[in-house]
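Since the structure comes first, as structure tokens, the remarks are kept for the end.
Lettering of chains follows the sequences in order, A, B, ..., and the numbering in each one begins at 1.
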Number of protein chains: 2
Amino acid sequence: MTLRPERPATIRQVAERVGTSIATVSYVLNGKDRAMRKELREAVWTAARDLGYVGNAAARALKGMQRGLIAVLVPQFGNNFFTRICVEVEAVMRDAGSVVITGNSDEDPAQERSILERLIAQQIDGCIIAPALSRPENLELLARHGVPTVILERSIGADIPSTDFVGHDNFGAGLLATRQLIAAGHRRIAYAGWNSPIANIHDRIEGYRAALAEVDVVPDPAWVLIDDLTLAGGRQVGERLAGLDVTALVIGHHHELAKGILGELGRQGRRWPEDLSIVLIGTPEWRDLVRPSLACIERPEGEMGRRAAELLLKKVETPAHVAPALLLANTFLPGGSIAPPRVP
Amino acid sequence: MTLRPERPATIRQVAERVGTSIATVSYVLNGKDRAMRKELREAVWTAARDLGYVGNAAARALKGMQRGLIAVLVPQFGNNFFTRICVEVEAVMRDAGSVVITGNSDEDPAQERSILERLIAQQIDGCIIAPALSRPENLELLARHGVPTVILERSIGADIPSTDFVGHDNFGAGLLATRQLIAAGHRRIAYAGWNSPIANIHDRIEGYRAALAEVDVVPDPAWVLIDDLTLAGGRQVGERLAGLDVTALVIGHHHELAKGILGELGRQGRRWPEDLSIVLIGTPEWRDLVRPSLACIERPEGEMGRRAAELLLKKVETPAHVAPALLLANTFLPGGSIAPPRVP
DNA sequence: GCAAAATATGTAAACGTTTACAATGCGAAT
DNA sequence: ATTCGCATTGTAAACGTTTACATATTTTGC
């Protein structure tokens, strides 16, 4: 076992070892169809193998070739919704021969910008981004540098030309969740959500209202509980919830907010589904560990990741390519957290 | 708002706009101390800003400079243990001006190898890797190409020179977990773990044995339940557990295995801590959502990520740098899952 | 046997940087 | 008026590729 921490072998060294020109080596190694003696071709391959030759992507990039580098920029690394998407993107890109840079903006536009600048400096071939809050400037930066971009999940006010969108159906999620509770007999249903500056997040509330409208209920404004997307925010929602005369609750986000709410309910000694029926939008890791298990609206993370990745690959090939916004449907996962309302 | 999807500005364009040479621009933009007229220096900066100039990292890499690209390769993307480490690595690298590529080997050495090859082609400055199972070859690949490497969490048989190690104290984790149960009065304690080919994982079992030895207990071999690190593996462990005469359980892994076991316990109608006291090694997202909450051994993910990142940065600066293996300590998090054993 | 066609291989420019080195201009000292 | 030293700026090579183009070699058709 020989370890050679020298500089990696270059195409030139391979050529010298074979006794041919670098052009020949390049043609062979890239599988371009150039007429060539069979034994030369094979000699190149063995020499490359012997030297442990690995092409230098930086040099290739310099020639204007594709870099084989894709970036995914998400706003919450710890949120398994985004993790699942990343896993799928990585899988698609791996098959396509690319490597994925994963960035975490932590919902901070300034941090997002600094990451984007570095990504651009790295000459990425393309970018999938779930924007941190509402900052069209950062997306414009990508557009200015001609980086093919797919926007994920969060729609931002500005119209960025030649930028595609892949998300899930927020309105449908709110609708589906609320309908399940209505079907169980509930009418006084609260909604807990994030006080987000991101426009399309609030479509979930519209879905909630629409479902209630189907049974001629106009929700009391106090039923819509909006707070930070944190454990603390969730606890506050839980506290405000105690004062409301509702029998069911739609929790709009499965992550920290949901944990805060459920924790606070436990502290208050309120049980689901006896005291409160619950449907969650999103699928937490712990869905069937809490008892009774929670009814959830599952978002198509895997498909979102795959579609976003495939779309991006298409855009990298054909930069002019623009696809219509893609809104993927959700699935209802039944659980023990729904029961008919108790008759008072 | 002008969108210019043209090719990004080069140093040459900046030079032309200012009416100077590319050398001058390079010196200014890199902050090298070269005697220069103040107004020229400023003219360069404004021109660069106006053109939205962003240096081309590929060209820089070609000159043998640092690339600003670091890779983290983990074997389980969905496991929040690794996610937390990645978050911290990313933060340190961001401050250092580098970008992080995150790869997922999915415990598959072949996949790990193909990712590594691509990373090497990308001319990464360094790599933090938690090896998939036991494949020294893959680490040798990195060594051969002179990529500074820090091995994370999993020790692999082979001695790779100039490779550093950052992990947590597996033996200590097993010891600490078991001692807590012993302190509560338990003597018949089972251990549930992963049938992993990775050597140092099994140190946890040694810690478990050592703790029992402190109170002169030699565990029945049947008490050590080893299975796949999956939901199914966990369920099987749960089933085997039903036949054992034990009052407590150390679960060696917090992820899928633990979920499988706890799910199966629920199915059997066994409650903790009444029927079985439990300590978990690792801190799942849902730790205080299950009731009663679980006692856990928290591993220092944040510090592991930070130390690994700092060590790698040092190695990138000074490739010869080698530090002694770093074993970070764990913390016990109390929870409601421990109670004295019932007197039969 | 010879030109032409077909096959096989080499040459060199370009990509965007960094940086050693050379070159310019200018005031001061001789 | 030279010459020197200093401050300032420019020139050009190199990094490892890809690929258009040129060249060399063989085969073919007559």
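The CZ atom of B/Arg37 sits 18 Å away from the P atom of C/dT24 (whole-angstrom rounding). At whole-Å resolution of the value, CD in B/Gln13 and P in C/dG16 are 8 Å apart. The distance from atom CG of B/Asn30 to atom C1' of C/dT17 is 9 Å, rounded to the nearest whole Å. Between the CD1 atom of B/Ile11 and the C1' atom of D/dG10 there is a distance of 14 Å, given to the nearest Å. A/Glu16 has its CD atom 13 Å from the P atom of D/dT17, to the nearest Å. In this structure, the CD atom of B/Gln66 is 13 Å from the P atom of C/dT18, given to the nearest Å. Atom pair B/Arg12:CZ and C/dC15:C1' shows a separation of 10 Å (rounding to whole Å applied). One atom, CD of A/Glu39, and another, P of C/dA8, lie 10 Å apart when rounded to the nearest Å.
The side chain of A/Tyr27 lies closest to D/dA20 when the candidates are D/dA20, D/dT17, C/dT19. Closest to the A/Thr10 side chain, of the nucleotides D/dT11, C/dA8, D/dT17, is D/dT17. Ranking C/dC15, C/dT19, C/dA8 by closeness to the A/Lys63 side chain, first place goes to C/dC15. Taking only side-chain atoms of B/Arg34, from C-beta outward, the nucleotide of D/dT9, C/dT17, C/dA8 with the closest atom is D/dT9. The side chain of B/Leu62 lies closest to D/dG16, out of C/dG10, D/dG16, C/dT18. Nearest to the side-chain atoms of B/Asn56 among the listed nucleotides C/dG16, C/dT9, D/dT17 stands C/dG16. In the set C/dT9, D/dT8, D/dG10, the nucleotide with an atom closest to the side chain of A/Met36 is C/dT9.
For the pair A/Arg113 and A/Glu117, the salt-bridge criterion is met [side-chain N within less than 4.0 Å of a carboxylate O]. A salt bridge links B/Glu107 to B/Arg154: one of the charged nitrogens lies within less than 4.0 Å of a carboxylate oxygen.
Side-chain contact check for B/Gln111 and A/Arg94: at least one donor-acceptor pair (N or O, by modelled atom type) lies under 3.5 Å. A donor-acceptor pair shorter than 3.5 Å can be found between the side chains of B/Ser26 and B/Asn30.
Partners of B/Glu303 under the salt bridge (Lys or Arg N to Asp or Glu O under 4.0 Å) rule, at least two apart in sequence or in another chain, are B/Arg307.
Taking 4.0 angstrom as the limit, B/Lys32 places a side-chain polar atom (N or O) nearer than this to OP1 or OP2 of C/dT19. For B/Ser21, no side-chain nitrogen or oxygen approaches OP1 or OP2 of D/dT11 to under 4.0 Å.
Both B/Ala23 and B/Ala59 lie near DNA chain D, and the one whose nearest nucleotide falls closer to the 5' end is B/Ala23. Comparing B/Thr24 and A/Val54 against DNA chain D, the residue whose closest nucleotide sits nearer the 5' end is B/Thr24. Heavy-atom nearest nucleotides on DNA chain C were determined for A/Ala35 and for A/Ile22, and the one closer to the 5' end corresponds to A/Ala35.
The line from CG of A/Leu311 to CD1 of A/Ile151 is 11.5 Å long, rounded to the nearest 0.5 Å.
Within 4.0 Å of B/Leu40, counting heavy atoms only, lie sugar-phosphate atoms of the nucleic acid but no base atom. Among the atoms of the strands shown, base atoms are found under 4.0 Å from some heavy atom of A/Ser26.
Checked by distance alone, A/Arg60 brings no side-chain donor or acceptor within 3.5 Å of a matching partner on the base of C/dG16.
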